[in-house]
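For reference, the structure discussed in these notes is given below.
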There are 2 protein chains.
Amino acid sequence: MATSSSGDRVPRDRPPHTDPLTLEVVELIGTVVARYHEEYEEAAAGHALTGAQARVLGLLSLEPMPMRRIAQKLKCEPSNITGIVDRLEARGLVERRPDAADRRVKLAAPTAQGAEVARSLRESLDFAREPLAELSREERLVLRGLLRRMAGGATT
Amino acid sequence: MATSSSGDRVPRDRPPHTDPLTLEVVELIGTVVARYHEEYEEAAAGHALTGAQARVLGLLSLEPMPMRRIAQKLKCEPSNITGIVDRLEARGLVERRPDAADRRVKLAAPTAQGAEVARSLRESLDFAREPLAELSREERLVLRGLLRRMAGGATT
DNA sequence: TATTGTTATACTCTATAACTATA
DNA sequence: TATAGTTATAGAGTATAACAATA
């Protein structure tokens with residue numbers, strides 16, 4: 001599935017877009033993204049959760065928050081969160097609490113069991129750490145710099 | 001959202017799991033994965049396609065293939081592909097062709113318009129290339145090595 | 001009047017199981 | 001009998017629009 005396994009020749013006269021090494025790295029990023037999702041779905045399924053449910057639970061395990069903000073974090077419509085939290089609540093993993101300051105707001109928070117599931121879920125996602133550990137500190141710094149640029153708004 | 005923005009201190013006495021630099025890189029990978037997906041969905045929506053439809057179209061644009069193999073590539077049940085290809089076919093982006101060798105098989109292939117949409121879709125996903133271009137060849141080689149290990153089966 | 005969460009609706013994706021036409 | 005694709009069904013995620021309670 002690798003594009004060209006681009007040996008060691010250095011193509012000097014191509015535009016950067018066509019550099020086989022860059023192309024392979026771009027493709028590998030796609031592969032890693034796919035693998036990340038597979039692992040995430042698998043880990044969620046291991047707890048009889050869907051991906052969306054696992055994401056919400058993971059989010060709440062960091063910090064309880066109003067329904068509205070969950071939707072903002074997940075970049076979906078608030079109306080969807082109702083059902084997802086409903087199912088998590090039915091499973092005893094999440095609860096809705098009133099907000100003292102604003103009675104319109106409901107704060108979603110993980111139960112003790114929910115927090116435990118969230119922790120277990122996080123640990124299942126370690127596939128990136130092992131290969132990372134083999135990198136030197138300098139290599140990790142290069143990687144961090146690259147990822148920061150890719151994560152940030154540097155699309156332009 | 002960055003974990004600690006871990007300056008430049010070197011923590012020598014921690015297990016690799018807790019090294020703040022590694023932790024930040026792991027978190028950044030999650031962020032990049034999320035961004036990758038947002039961009040993909042946005043690009044698909046720009047052509048009035050769902051993510052699944054865009055993935056199938058992209059796959060077929062590389063090589064026409066039987067319905068069954070699409071399901072294998074997408075890691076879903078073959079029955080789902082019927083509907084997705086139905087909708088792509090209704091849009092005139094994909095067509096079903098008979099397989100000369102086996103009359104049970106239907107080969108899904110992009111139309112000229114479908115190939116054009118797939119090409120446009122691919123170009124929308126360039127957000128990784130620009131920061132990549134700023135890396136030296138050596139840095140890209142390090143990155144390739146890491147991604148290969150993360151992409152491969154090196155979970156254990 | 002504006003906002004929070006919910007309900008109602010419709011569409012897509014998903015897995016499961018049963019069906020058809022080939023092999 | 002086994003396989004490729006389909007159909008039927010049910011559950012879940014998604015967006016849109018309208019609603020109740022509260023601000």
Side-chain angles (χ1 to χ4, degrees), chain A residues 34 37-38 40-60 64-91 93-109, chain B residues 34 37-60 63-91 93-109:
Chain A
H37 259 81
E38 284 166 37
Y40 198 93
E41 295 288 325
E42 259 177 54
H47 291 276
L49 294 173
T50 66
Q53 287 163 12
R55 269 188 294 279
V56 168
L57 183 57
L59 196 59
L60 296 180
M65 63 183 72
M67 309 290 283
R68 209 89 185 173
R69 254 191 72 208
I70 303 177
Q72 287 165 353
K73 290 278 192 183
L74 263 68
K75 296 187 203 299
C76 72
E77 292 303 312
S79 59
N80 301 323
I81 305 302
T82 299
I84 296 174
V85 169
D86 278 352
R87 282 160 219 129
L88 287 171
E89 199 166 30
R91 291 273 306 276
L93 301 175
V94 156
E95 61 181 13
R96 276 180 248 234
R97 299 176 190 158
D99 183 320
D102 187 337
R103 283 192 301 172
R104 291 172 304 180
V105 171
K106 290 174 189 169
L107 294 169
Chain B
H37 260 82
E38 283 166 37
E39 305 248 330
Y40 199 92
E41 296 288 325
E42 257 178 56
H47 291 276
L49 293 172
T50 67
Q53 287 163 10
R55 269 188 296 280
V56 167
L57 183 57
L59 196 58
L60 296 180
E63 176 194 15
M65 63 182 74
M67 309 290 284
R68 209 88 185 176
R69 257 192 68 208
I70 303 177
Q72 287 164 355
K73 291 280 192 182
L74 263 69
K75 296 187 204 300
C76 74
E77 292 303 313
S79 60
N80 301 325
I81 305 302
T82 299
I84 297 173
V85 169
D86 279 353
R87 283 160 218 128
L88 287 172
E89 199 167 29
R91 291 273 306 277
L93 301 176
V94 157
E95 61 181 11
R96 277 181 250 234
R97 299 175 189 160
D99 181 322
D102 186 337
R103 283 193 300 173
R104 292 173 304 181
V105 172
K106 289 174 189 170
L107 294 169

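The chains referred to below are lettered A, B, ... by the order of the sequence lines, with proteins before strands, and numbering in each begins at 1. These values consider heavy atoms only, across backbone and side chains, with no hydrogens, waters or symmetry-generated copies.
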Given [options], which nucleotide is nearest the side-chain atoms of [X]?
{"X": "Cys76(B)", "options": "dG5(D), dA15(C), dT6(C)", "answer": "dA15(C)"}
{"X": "Val105(B)", "options": "dG5(C), dA15(D), dA4(D)", "answer": "dA4(D)"}
{"X": "Arg87(B)", "options": "dC13(C), dT6(D), dT14(C)", "answer": "dC13(C)"}

Do [X] and [Y] have side chains that approach each other closer than 4.5 Å (heavy atoms only, starting at C-beta)?
{"X": "Ile70(B)", "Y": "Met65(B)", "value": "yes"}
{"X": "Leu49(B)", "Y": "Leu93(B)", "value": "yes"}
{"X": "Met67(B)", "Y": "Arg96(B)", "value": "yes"}
{"X": "Leu59(B)", "Y": "Leu74(B)", "value": "yes"}

Please state how far atom [atom1] in [X] lies from atom [atom2] in [N], giving the value in whole angstrom units.
{"X": "Glu77(B)", "N": "dT12(C)", "atom1": "CD", "atom2": "C1'", "value": "17 Å"}
{"X": "Arg91(A)", "N": "dA12(D)", "atom1": "CZ", "atom2": "P", "value": "11 Å"}
{"X": "Gln53(B)", "N": "dC11(C)", "atom1": "CD", "atom2": "C1'", "value": "11 Å"}
{"X": "Asn80(B)", "N": "dG11(D)", "atom1": "CG", "atom2": "P", "value": "16 Å"}
{"X": "Glu95(A)", "N": "dG5(C)", "atom1": "CD", "atom2": "P", "value": "16 Å"}
{"X": "Ile81(A)", "N": "dT6(C)", "atom1": "CD1", "atom2": "P", "value": "10 Å"}
{"X": "Glu42(B)", "N": "dT14(D)", "atom1": "CD", "atom2": "C1'", "value": "16 Å"}
{"X": "Met67(A)", "N": "dT6(C)", "atom1": "CE", "atom2": "C1'", "value": "9 Å"}

Legend entry - Quiz item: Ser79(B) side-chain donor-acceptor pair to dT14(C) base, under 3.5 Å: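 Answer is no: no donor-acceptor pair is held.
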Inset, instruction - Record whether the side chain of Arg104(B) comes under 3.5 Å of the base of dT3(D) through a donor-acceptor pair of N or O atoms. - result: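 When only heavy-atom distances are counted, Arg104(B) does reach the base of dT3(D) through a donor-acceptor pair under 3.5 Å.
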Inset, instruction - Tell me what Asp102(B) touches on the nucleic acid: a base, only sugar-phosphate, or nothing, going by heavy atoms under 4.0 Å. - result: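 Sugar-phosphate contact only - Asp102(B) comes under 4.0 Å of backbone atoms but never of a base.
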Inset, instruction - Using a 4.0 Å heavy-atom cut-off across all strands, classify Ile84(B) as base, sugar-phosphate, or nothing. - result: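 Sugar-phosphate contact only.
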Does OP1 or OP2 of [N] have a side-chain N or O of [X] closer than 4.0 Å?
{"X": "Lys106(A)", "N": "dT6(C)", "answer": "yes"}
{"X": "Arg103(A)", "N": "dT4(C)", "answer": "no"}
{"X": "Arg96(B)", "N": "dT6(D)", "answer": "yes"}

Inset, instruction - Would you mind telling me which residue lines up with the more 5' stretch of DNA chain D, Met65(B) or Lys75(A), judged by nearest nucleotide? - result: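 This one resolves to Met65(B).
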Inset, instruction - For Gly83(A) and for Arg69(B), locate the closest nucleotide of DNA chain D by heavy-atom distance; then report the residue assigned to the nucleotide nearer the 5' terminus. - result: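 Nearer the 5' end of the strand: Arg69(B).
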Inset, instruction - Evaluate the criterion salt bridge (charged side-chain N to carboxylate O under 4.0 Å, His left out) for residue pair Glu95(A) and Arg97(A); output intermediate values, then yes/no. - result: CA-CA 6 Å; Glu95(A) 61 181 13; Arg97(A) 299 176 190 158; 3.0 Å; yes
